[in-house]
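Written out below as C-alpha cells is the structure these notes cover.
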Amino acid sequence: MIIVVAKSILKEGKTEEFKSLTRELIDETRKEKGCIEYVLYEDTESAGTFTFIEKWEDMDCLEAHFQSEHFKRMGAKVKELRKSRDINIYKEA
C-alpha cells in the first residue's frame, strides 16, 4: 500500500474556492482503480491549511491518478490558490 500526505497552505481568502474545487477532485478520484481512501482534512488550528490523506493499492495506481484528466485539470486550478504545498509519499515497511 502507498500512503500520500499532501499538505497545502492557501493564499488568504481562498478557502471556500479551494473547498469547492476539491469536491469534484475527491468525487472523481474515489472512483479510480486502486484508490482505497482519499480524504481532505482542514487544520483546526491553522486557517487555510488543508491536508489530503490518500491510500493507494500500489505506486502504479498513484501514477495513473497523477495522469488522470480530473487531477491535471483541478490541480492546475488549485495550484493558483496555494501559497505552498508539501507532499510525502510512503510505502508500508
Side-chain angles (χ1 to χ4, degrees):
M1 181 181 348
I2 300 295
I3 297 175
V4 178
V5 179
K7 179 179 177 181
S8 293
I9 299 174
L10 305 181
K11 295 175 183 173
E12 191 168 332
K14 298 299 183 180
T15 296
E16 292 309 313
E17 187 176 356
F18 178 81
K19 286 180 180 180
S20 178
L21 284 172
T22 55
R23 278 187 204 104
E24 179 185 351
L25 176 63
I26 292 165
D27 290 343
E28 292 301 314
T29 298
R30 288 178 176 169
K31 298 174 190 174
E32 289 182 49
K33 178 184 179 289
C35 179
I36 298 168
E37 183 176 274
Y38 196 85
V39 181
L40 179 63
Y41 296 93
E42 184 172 3
D43 194 306
T44 60
E45 296 186 16
S46 181
T49 300
F50 292 84
T51 301
F52 275 104
I53 307 289
E54 310 170 27
K55 293 182 181 177
W56 297 89
E57 285 181 13
D58 56 36
M59 201 63 192
D60 290 338
C61 294
L62 178 58
E63 290 295 338
H65 167 64
F66 291 150
Q67 298 306 314
S68 69
E69 181 276 332
H70 58 269
F71 180 82
K72 288 181 179 181
R73 180 172 42 82
M74 301 307 288
K77 292 178 182 180
V78 167
K79 183 178 181 179
E80 296 173 9
L81 307 178
R82 289 191 303 242
K83 282 196 290 189
S84 66
R85 90 172 169 173
D86 184 44
I87 297 177
N88 294 289
I89 300 173
Y90 303 92
K91 64 179 182 177
E92 279 189 271

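Here the structure is a predicted model, which means the values were calculated and not measured.
With sequence neighbours left out, K31 forms a salt bridge (charged side-chain N to carboxylate O under 4.0 Å, His left out) with E28. When the side-chain hydrogen bond (donor to acceptor under 3.5 Å, both in side chains) test is applied to T49, the partners found at least two apart in sequence or on another chain are S46. Looking at residues two or more places apart in sequence or on another chain, you find no side-chain hydrogen bond (donor to acceptor under 3.5 Å, both in side chains) involving T51. By the side-chain hydrogen bond (donor to acceptor under 3.5 Å, both in side chains) test, K91 is found to be paired with no residue, residues two or more places apart in sequence or in another chain being considered. K33 meets the side-chain hydrogen bond (donor to acceptor under 3.5 Å, both in side chains) test with no other residue; sequence neighbours excluded. For E54, the salt bridge (charged side-chain N to carboxylate O under 4.0 Å, His left out) criterion is met by no residue, not counting sequence neighbours.
The side chain to side chain donor-acceptor pair (under 3.5 Å) analysis of residues 10-20, with sequence neighbours excluded, yields the pairs K19-E42. Residue pairs that meet the salt bridge (Lys or Arg N to Asp or Glu O under 4.0 Å) test with at least one member in residues 60-71, sequence neighbours left out, are E69-R73.
Across all their heavy atoms, G34 and C61 have their closest contact at CA-SG, 3.6 Å.
For the atom pair R85 CZ and S8 OG, the distance stands at 7.0 Å (nearest 0.5 Å). The NZ atom of K77 sits 15.5 Å away from the NZ atom of K72 when rounded to the nearest 0.5 Å.
Contact annotation: the side chain of E57 never approaches that of M1 to less than 4.5 Å [non-hydrogen atoms, C-beta and beyond].
Membership of the apolar cluster around F50 extends to I2, V4, L10, F18, L21, L25, I26, Y38, L40, F52, W56, M59, L62, F66, F71, M74, V78, L81, I87, I89, as traced through chained side-chain contacts below 4.5 Å between ILVMFWY residues.
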